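What follows is a set of notes on a single structure, which appears directly below.
Here is how names work: the chains are called A, B, and so on, in the same order as the sequence lines, proteins then strands, and each is numbered from 1. Nothing here was measured: the structure is a model prediction, and the numbers come from that model. Quick note: numbers below take in every heavy atom, side chains included, and nothing from hydrogens, waters or symmetry partners.
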Amino acid sequence: MKILVIEDEEALAELTDKALRKEGFIVETAFDYGSAEEKLAVYAYDCILLDIMLPGGNGLDLLRKLKERGDRTNVIITSAKDSIDDKVTGLGFGADDYLAKPFHIAELVARIRSVARRSTNRGDFAFRYGNVALEPDSGRVTVAGREIQLLKKEFDILEYFMQRPGHIIDKTVLAEAVWGDHIDQADDFQFVYAQMKNLRRKLTAAGADIGIKSVYGFGYKLV
Amino acid sequence: MKLATKIILGLSILVFFALGIWGAVFYFSFMSELTGEIDDTLADYSNDIIVWSLAGEPLPYSDAVAYNTFDIKEVTPEYAAANNRIRYWESITYIQSQDEDVPARNRSCIFKDADDRYYELVVSVPTIERDSVSEHIIKWTIILYIVLLLAIIGIALTVVRRNLRPLDELLQWLDAYSRGEKPGSVPTDRHVVEFRKLSMATQEAVDRLESRNEEQKAFIGNVSHELQTPLAVCTGRIESLLSDTELTETQTVELMKLARSLRDLSRLNKTLLMLHRIDNDRFPESERIAFLQLINESIGLYSEIYASRNISVSVRTDAPFIYEMNPQLAKMLVNNLIKNIFVHSGSGSAAEVSVSASGFTVSNPGDGPLDSGLVFSRFYRKSSDKDGSTGLGLALAYSICRSHSLTLSYNWADGRHCFTVSASSVSPSTSSGQNILPEIK
């Protein structure tokens, strides 16, 4: 899968590049409007990560031109502006997703996978790892084909892990992702432990060959 | 003392003395003129009598019309030599024609007849009329004096008030401005040079202040905006390091600690950015928010997160509070206040939220009152606060309220912290859409 990263911040571009390569993608980067336009005219990509504020032009213009050509490449907008206007405009122009900076690389990878999955295999949105499949749209989780019942929070936790298999997830990050942006470092994480315990029990009982492992008391990892 | 009062007082004192002196001078010069006239009459009269007496004509008994009287008596040459001059004096004299003692003016002179005998002539004229004129003059001078004084003060008061009106307007504007309202442009008076200058100077000072303020806000906004990317890069690098399988446990733990600190920094930065955006009205969408529902959701959320602290929150509803505002900010406001309860109450304590038609109050037990002047300022923290709290939560809540014409106030009652959000006197839930941001903006 070939990805074009359009990002003027070199450090961020390099980091994204490195992380995506590690995930097995083929990555190219463009640092400004001109070179991005050039690359898009010459090569075809499966997915484009598009920054809005670019030297030499606005990323949204690039998106509009792309869509005017009838190009069906997936576009994920990454912007530091984090304003609803940009998000609405971007998605209105035909972007597939919107990710506000600063973002976690794992989140980005999950979004790319999700977007790619949607365009290549319409209808099947499930995340699969081991013998577990999770369908975000219908809220169904199956272990080896048999459906198991999860509560809302348990489902959210599992979904978060399924999008980032093999990554260490800090429990504060998990808490923020599932309970919303209301968590402080000072908070105790009893509520995470409680949900985690139930989720693990349900997965084991259903005979899943994956499990959520605790890592050094700091976080978890889906293995 | 007000400027107008000071001017009027100064003017009154000046007029009081000036008119007083003028009245006195007028009275005394008028009276001396009157007395002079009487003296002239007396002189003419005594000359007539002397002429008649020397000519041997019969002397009139008295002047029937003017009630003048006279008296001639012979005196020794020595007496005449010692008193040979004309004297005037005032006395109470018996006037025969009136048969009573009345105030009179007298004139005495010495004359000599053909036989070298000396006579002293004393003529008297009653001064009742002069005295009554004098009384009238005193009365009317005083009346004139008082009327003039009042008229001058009245006129001065009107003129001063009218002319100082631009100054009053300017002061009222400044009062409103320093209360934190935005009363529009500085009132200008185009006619008076001094006021025009004052208005211009004020406008310049206010503009300068505003632009500094804007610059400062923009600076904070830009800094937090610019910090986003490097923060994201740092977090990303740590994440990528963490997925390295060759790391030892100690290294992983250190990296995770570093990542947490970075996340705190990032959260702080996001909150500052959020404050900046609220202050710049970057949340134009608004809808009718049922706060009761938000409050219940928020309590549910935090009861779950802080389940281990065993804090109970009761909700008392008199009427649902419905207000037109941005949904994202409304949620943030409620969450910040409800979270405060859970973070700052002791384990097992009971908190309360009461909702009425005009707002809601969140109260929880505490150890002692907070500094109400500082509680909504950025980075206000009590020493007992835990690490990881940004000290921006209430500042954020305050900013949200201010940007939506709500009032957020704090008070300490019966050992409880009470935070009250209330709508301004006009109920905005009845007005529609965007016009809930009135001129106070």
- Message: Checking Asp170(A) now: which residues fulfil salt bridge (Lys or Arg N to Asp or Glu O under 4.0 Å) with it, not counting sequence neighbours?
- Response: Arg260(B), Arg263(B)
- Note on the structure: chain A shares the most heavy-atom pairs under 4.5 Å, among Asn336(B), Val253(B), Leu231(B), with Val253(B)
- Item | Sequence neighbours excluded - side-chain hydrogen bond (donor to acceptor under 3.5 Å, both in side chains) pairs with any residue from residues 249-259 of chain B | Thr248(B)-Gln251(B)
- Message: Would you compute the distance between atom CD1 of Ile238(B) and atom CD1 of Ile168(A) and round it to the nearest 0.5 angstrom?
- Response: 12.5 Å
- Message: With rounding to the nearest 0.5 angstrom, report the OG1 to CZ distance, Thr172(A) to Arg267(B).
- Response: 7.5 Å
- Sort Ala11(A) into side chain, backbone, both or neither according to what part of it lies under 4.5 angstrom from a heavy atom of chain B. both
- Task: Could you tell me which residues in residues 23-39 of chain A have at least one non-hydrogen atom under 4.5 Å from a non-hydrogen atom of chain B, sorted by residue number?
- Result: none
- Query: Do any of residues 152-160 of chain A have a heavy atom less than 4.5 Å from a heavy atom of chain B, and if so, which, in residue order?
  - Reply: Lys153(A)
- Query: Taking atom NZ of Lys213(A) as the centre, does the number of heavy atoms from other residues, nucleotides or ligands within less than 6.0 Å exceed 12?
  - Reply: no
- Item | Other residues, nucleotides, ligands: >12 heavy atoms within 6.0 Å of Tyr398(B) OH | no
- Tell me, do Lys171(A) and Met256(B) make a side-chain contact under 4.5 Å, heavy atoms counted? no
- What one should report as the nearest heavy-atom pair of Leu12(A) and Ala232(B) is CD1-CB, 4.2 Å
